[in-house]
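In what follows, a structure is listed as structure tokens, so that the remarks can point back to it.
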Amino acid sequence: MKYQSIKGTRDVLPEEQKYWRYIEEKIGSVTSRFGYQRVEPPIFEETALFLRGVGETTDIVEKEMYTFIDKGKNSLTLRPEYTAGIMRLYLENGLHSLSKPVKLYSIGPVFRYERPQAGRYRQHTQFNVEALGEQEPSVDLEVMSVAWLLYAELGFSGLSFQLNSTGCPNCRPAYVEELKNFYRRHSEAICDDCKRRLERNPLRLLDCKVKSCQQISADAPVIHERLCEECADHFATLRLYLDTLGRPYRINHRLVRGLDYYTKTVFEVWVQGIGSQNAMCGGGRYDGLIEQLGGQATPGIGFGSGIERMILGMREQNIEPPKLPDPFIFVAHMGKAADLRAVELVTWFREAGLSALMAFGQRSFKSQMREANRLAVTYAVIVGEDEITANHATVKNLANGEQQAIPFDQVVAVLKQACERQRC
RNA sequence: GUGGGUGUAGCUCAGGUGGCUAGAGCACCAGAUUGUGGCUCUGGAGGCCGCGGGUUCAAGUCCCGUCACUCACCCCA
């Protein structure tokens with residue numbers, strides 16, 4: 001085969017549409033109940049926005065961005081995540097003048113150059129939620145609840161939050177220093193990756209999967225025990241909310257995110273069964289980000305959730321989305337005059353709001369009926385020489401086999417009525 | 001970037017120790033029923049056995065290389 005899709009990308013085929021439609025409907029329904037409004041920034045931005053917004057030493061920026069120079073010699077990048085672009089959109093369009101918090105969501109593709117594996121693609125579709133301008137922990141709860149309610153209504157079982165606080169500029173530096181000192185004492189024993197992390201991204205030391213490193217990290221200082229008063233209060237209040245609602249969560253002091261902008265709350269929602277990617281969504285608070293991008297100091301919190309990962313999880317848990325409606329009418333025709341009448345009929349049906357299909361060209365009547373059956377239509381409308389002569393259509397109900405003659409000028413009204421009766 | 005697995009029909013896959021004229025199921029087309037679907041039966045179409053090289057009388061099968069896909073690590077949705 002000469003051409004094939006790019007590594008890490010995938011084609012969405014008709015078979016999968018019911019999942020997409022179902023998820024998009026649920027997203028629309030849940031977000032509207034929480035009062036979130038949809039916005040869509042372009043899929044590419046100035047590269048500098050992501051360098052500043054995501055963090056220059058993050059893996060995403062260092063090795064995963066699709067960056068290119070356009071014909072005007074500008075450095076542009078396909079968005080590797082939503083948040084930076086949403087912050088730009090918020091500032092550029094003056095959304096800060098709206099009443100706070102400003103609650104936004106988006107659905108669209110994001111791009112990262114990574115090695116693909118189950119549930120991870122170079123282009124994937126992300127559902128993204130942001131709440132801007134409010135620092136109360138009840139907003140953290142609300143944002144987390146959007147994710148929770150979405151997955152619950154999609155039918156997922158075994159959901160739980162993973163929760164941590166990464167502190168703020170007042171308390172994190174001291175903690176990071178303590179953490180580095182702890183690991184320096186074990187610098188002989190940790191793996192090579194961790195030796196790099198020790199200097200570049202110490203928080204990620206806690207997240208190492210190597211067994212010997214995990215034994216060490218079990219004794220490492222724990223951040224949520226070293227938060228400043230403000231962060232500790234915030235964390236405690238959020239936990240109180242979760243306890244009150246009875247939402248299952250686990251404090252995971254290893255949960256540190258790869259993006260620089262997170263402060264205080266970080267969370268994921270886990271579901272079992274999609275390979276090594278057990279997180280359905282990941283997000284957190286980023287109280288310093290907007291200021292860093294040149295706006296007024298504005299707190300914010302959000303998360304991203306991969307649609308392809310949701311579909312994978314639904315398949316894993318045998319969650320069957322409602323199937324798309326089958327077409328209602330198939331027009332079978334025999335002979336030249338009938339072909340013209342069939343073209344007229346499907347046109348009338350469609351203009352009346354009914355779904356109607358027909359066979360193209362002169363095919364055997366049997367094969368047309370077979371096709372009608374395969375399409376799972378409710379009615380076959382049969383037009384042959386007999387019908388042309390008699391000026392009526394033969395309408396066959398494929399479910400019970402009954403058929404009757406209906407004059408051509410009444411067939412649309414009759415089937416329209418039948419459709420309304422069974423809410424097709 | 002690192003490690004494992006797999007490449008045979010549109011799809012899912014069989015093809016011990018090399019002997020194939022390369023198979024099955026599903027899907028597709030047609031006929032049995034010259035104007036009636038589903039079920040059944042019969043037939044048909046559909047393959048450079050990923051690609052290149054090597055060993056051999058003989059390679060889908062063995063060897064080398066290569067590409068692709070895939071799972072996992074890193075990281076992340």
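Bear in mind that the values here come from a model prediction, so they are computed numbers and not experimental data. Letters A, B, ... mirror the listed sequences (proteins, then strands); counts begin at 1.
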(request) Provide the full list of side chain to side chain donor-acceptor pair (under 3.5 Å) pairs with a residue in residues 395-405 of chain A, sequence neighbours left out, each pair given once. (result)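 Qualifying pairs: none.
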
What is the separation between atom [atom1] on [X] and atom [atom2] on [N], rounded to the nearest whole Å?
X: Glu64(A); N: C74(B); atom1: CD; atom2: P; result: 13 Å
X: Leu375(A); N: A27(B); atom1: CG; atom2: P; result: 15 Å
X: Asn373(A); N: G35(B); atom1: CG; atom2: P; result: 19 Å
X: Tyr151(A); N: A77(B); atom1: OH; atom2: P; result: 11 Å
X: Glu371(A); N: C29(B); atom1: CD; atom2: P; result: 8 Å

Under 4.0 angstrom, heavy atoms only, what part of the nucleic acid is [X] near: base, sugar-phosphate, or nothing?
X: Gly282(A); answer: sugar-phosphate
X: Ile307(A); answer: nothing
X: Gln368(A); answer: nothing
X: Gln403(A); answer: base
X: Gly283(A); answer: nothing
X: Tyr121(A); answer: base

Among pairs that include at least one residue of [range], which meet ring pair (Phe, Tyr, Trp, His ring centres under 6.0 Å), considering only residues two or more places apart or in two chains?
range: residues 181-207 of chain A; value: Phe182(A)-His186(A)
range: residues 27-51 of chain A; value: none
range: residues 324-379 of chain A; value: Phe328(A)-Tyr379(A)

Item checked: Contacting residues from residues 123-130 of chain A, given that a heavy atom lies under 4.0 angstrom of RNA chain B ->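 Residues of residues 123-130 of chain A under 4.0 Å from RNA chain B: His124(A), Gln126(A).
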
**OP:** Scan residues 320-330 of chain A against RNA chain B and write down, sorted by residue number, each residue with any heavy atom closer than 4.0 Å; if none is found, say none.
**Re:**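 Output list: empty, so none.
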
Check your understanding: Using the ring of each side chain (for Trp, its six-membered ring), is Phe235(A) parallel, tilted or perpendicular to His224(A), with breaks at 30° and 60°?
Key ->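 It falls in the tilted class, 30° to 60°.
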
Within residues 352-420 of chain A or reaching into it, pairs that qualify as disulfide (SG to SG under 2.5 Å) - sequence neighbours excluded:
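Output for this query lists Cys419(A)-Cys424(A).
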
* May I have all residue pairs that pass disulfide (SG to SG under 2.5 Å) and include part of residues 302-407 of chain A, sequence neighbours excluded? =>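 As it turns out, there is no disulfide (SG to SG under 2.5 Å) pair with a partner in residues 302-407 of chain A once direct neighbours are skipped.
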
(request) Decide salt bridge (charged side-chain N to carboxylate O under 4.0 Å, His left out) for Glu344(A) and Arg341(A); before the verdict, give the C-alpha distance in whole Å, the side-chain angles of both, and the deciding distance to 0.1 Å. (result) CA-CA 5 Å; Glu344(A) 284 184 308; Arg341(A) 182 38 59 100; 2.8 Å; yes

**Ranges pairing with ranges for RNA chain B, where each run has three or more Watson-Crick or G-U pairs under 3.5 Å** =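 The stems are B:1-7 with B:67-73, B:10-13 with B:23-26, B:28-32 with B:40-44, B:50-54 with B:62-66.
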
* To do: Measure from NZ or CZ of Arg309(A) to the centre of the six-membered ring of Tyr121(A), then state whether that distance is under 6.0 Å and the direction lies within 45° of the axis.
  =>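 Pair Arg309(A)/Tyr121(A) does not count as cation-pi.
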
Tyr113(A) six-ring centre to Arg122(A) NZ/CZ under 6.0 Å and within 45° of normal: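 Pair Arg122(A)/Tyr113(A) counts as cation-pi.
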
Expected string for nucleotides 44-51 of chain B under the B/S/- scheme (protein heavy atoms, under 4.0 Å, primed atoms plus P, OP1, OP2 as sugar-phosphate) is --------

Given protein heavy atoms under 4.0 Å, the one-letter contact record of nucleotides 4-11 of chain B, with B base, S sugar-phosphate only and - none, is simply --------

* Asked: Just wondering, more than 12 heavy atoms not from Leu245(A) lying within 6.0 Å of its CG?
  ->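 Yes.
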
Original post:
With a cut-off of 6.0 Å (strictly less than), are more than 12 heavy atoms of other residues, nucleotides or ligands near CD of Gln37(A)?
Top reply: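 Counting neighbours around CD of Gln37(A), 12 or fewer heavy atoms of other residues, nucleotides or ligands fall under 6.0 Å, so no.
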
Taking 4.0 Å as the cut-off, does a side-chain nitrogen or oxygen of [X] come that near to OP1 or OP2 on [N]?
X: Arg374(A); N: C29(B); result: yes
X: Lys396(A); N: G37(B); result: no
X: Arg204(A); N: C74(B); result: no
X: Lys7(A); N: C69(B); result: yes
X: Ser367(A); N: A30(B); result: yes

Acceptor/donor pairs from residues 132-140 of chain A side chains to any protein atom, 3.5 angstrom cut, sequence neighbours excluded:
unit_1    : atom_1 : unit_2    : atom_2 : d
Glu134(A) : OE2    : Glu136(A) : N      : 3.1
Asp140(A) : OD1    : His234(A) : NE2    : 3.4
Asp140(A) : OD1    : Arg285(A) : NE     : 3.1
Asp140(A) : OD1    : Arg285(A) : NH2    : 2.6
Asp140(A) : OD2    : His234(A) : NE2    : 2.8
Asp140(A) : OD2    : Thr265(A) : OG1    : 2.6
Asp140(A) : OD2    : Arg285(A) : NE     : 3.2

